[in-house]
Number of protein chains: 2
Amino acid sequence: MRIGELAARTDVSVRSLRYYEEQGLLTSSRSAGGQRHYTEAEVERVRFIQRLYAAGLSSRTISELLPCVDTPSEGNYDAALERMAQERNRLSEHIDELVRTRAALDGLMATARAHRESEARAQGVRHGSGDGASAPRVLES
Amino acid sequence: MRIGELAARTDVSVRSLRYYEEQGLLTSSRSAGGQRHYTEAEVERVRFIQRLYAAGLSSRTISELLPCVDTPSEGNYDAALERMAQERNRLSEHIDELVRTRAALDGLMATARAHRESEARAQGVRHGSGDGASAPRVLES
DNA sequence: CTAAAACCTGACATGGATGTCAGGGGCAAG
DNA sequence: CTTGCCCCTGACATCCATGTCAGGTTTTAG
């Protein structure tokens with residue numbers, strides 16, 4: 001398939017696909033006229049690349065990882081494994097942090113709801129300035 | 001405390017703290033000479049801001065959320081709640097994606113280990129070209 | 001054959017958080 | 001007062017994935 005179709009099927013812009021190739025993350029065969037051609041396999045590969053990007057890996061890191069996927073050969077196992085383990089850790093930490101943030105957000109929402117309801121209970125209150133209470137303490141880790 | 005101390009205690013650069021203020025995420029009182037002064041409360045606030053950044057919220061989004069934390073008043077609850085719910089979803093999706101990516105990484109590592117061992121078993125093999133097997137299929141979602 | 005659609009390369013633009021530098025004050029200790 | 005350290009503003013730099021535009025070629029449909 002040509003680049004446009006790959007782009008459509010992966011929801012990644014044509015621009016980005018060319019960029020991936022520039023960064024050595026993706027390869028293509030070329031037609032006589034110089035146009036890029038891809039096989040089905042590239043669809044998954046692009047999705048995988050996107051996933052790694054979403055995980056916060058830089059294209060340089062990705063390009064260090066992919067050779068191991070491409071051409072498993074003795075040389076790159078150890079280095080790649082270490083690299084992957086390292087990124088796995090980073091990723092886990094990041095996930096934990098996001099989970100904590102989500103919890104904080106939940107706390108914030110709960111507090112907001114509670115405040116809204118207490119305000120609703122005290123009907124006919126003075127408008128516009130709330131109750132003057134200090135900010136809800138939802139910021140702790 | 002002055003900005004340098006806040007920076008040290010939150011592990012956020014002085015530059016960034018000023019930037020937060022510029023974006024309306026943080027306020028400070030000023031000394032006669034114009035220097036920023038902060039209270040203890042700001043330490044937690046900065047940490048919270050960092051957390052939201054880490055969760056992928058933009059400073060604009062954060063600044064839409066924080067007023068609710070600061071001055072809970074009728075007007076901003078509904079909007080802020082909706083906003084928070086929305087960001088919570090984004091966050092959850094993001095987390096799921098990262099978890100999937102981590103799983104994919106685990107698969108990759110397992111495959112790499114397996115290959116290394118199978119190569120170790122077949123001792124004295126020709127060096128440098130692996131076994132010519134096609135790339136491990138670890139890319140599925 | 002021709003026109004439209006898709007592709008090519010190369011270059012410059014963007015956004016967002018942050019780094020960094022310049023030139024000038026504030027403030028405490030000696 | 002002076003020295004040293006921290007602070008101020010403003011501006012420009014950087015990184016990185018993408019967007020976008022220009023000018024030209026290839027492919028495909030009619």
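Note that the coordinates shown come from a computational prediction; the quantities given were computed from them, not determined experimentally. Below, read A as the first sequence line, B as the second, and so on, with proteins coming before strands; counting in each chain starts at 1. We use all heavy atoms of the structure for the numbers below, so side chains are in, but hydrogens, waters and symmetry mates are not.
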Original post:
With sequence neighbours left out, what residues match A:S63 under side chain to side chain contact (heavy atoms under 4.5 Å, CB included)?
Top reply: A:L25
Subject >> Check: B:E97 main-chain N/O paired with B:T101 side-chain donor or acceptor under 3.5 Å >> reply: yes
Original post:
Does anything in residues 29-40 of chain A reach DNA chain C, meaning a heavy atom under 4.0 Å, and if so which residues?
Top reply: A:R30, A:G34, A:Q35, A:R36
Original post:
Taking C-beta and beyond as the side chain, do A:R36 and A:R30 meet within less than 4.5 Å on heavy atoms?
Top reply: yes
**OP:** Look at the side chain of A:S16 and the backbone N and O of A:V12, then say whether any donor-acceptor pair between them is shorter than 3.5 Å.
**Re:** no
Original post:
Looking across every strand, which nucleic acid part, if any, lies under 4.0 Å from A:R2 by heavy atom: base, sugar-phosphate, or nothing?
Top reply: sugar-phosphate
Subject >> Sequence-distant partners of B:S58, side chain to side chain contact (heavy atoms under 4.5 Å, CB included), two or more places apart >> reply: B:R60, B:T61
Original post:
Is the shortest side-chain N to carboxylate O distance from A:E87 to A:R90 below 4.0 Å?
Top reply: yes
Original post:
Between atom CG in A:L6 and atom C1' in C:dC7, what is the gap in whole Å?
Top reply: 14 Å
Subject >> Non-neighbouring partners of B:T27 that pass side chain to side chain contact (heavy atoms under 4.5 Å, CB included), sequence neighbours left out >> reply: none
Please produce a list of atom pairs where a protein N or O lies less than 3.5 Å from an N or O of nucleotides 13-20 of chain C.
residue	atom	partner	partner atom	Å
C:dA17	OP1	B:S59	N	3.0
C:dA17	OP2	B:Y19	OH	2.4
C:dA17	OP2	B:S59	OG	3.0
C:dT18	OP2	B:S16	OG	3.4
C:dT18	OP2	B:Y20	OH	3.3
C:dT18	O5'	B:S16	OG	3.1
C:dT18	O4	B:R15	NH2	3.2
C:dG19	OP2	B:S13	OG	2.6
C:dG19	N7	B:R15	NE	3.4
C:dG19	O6	B:R15	NE	3.4
C:dG19	O6	B:R15	NH2	3.1
C:dT20	O4	B:R15	NE	3.2

**OP:** Taking side-chain hydrogen bond (donor to acceptor under 3.5 Å, both in side chains) as the test, write out the residues that go with B:T39, two or more places apart.
**Re:** B:E42
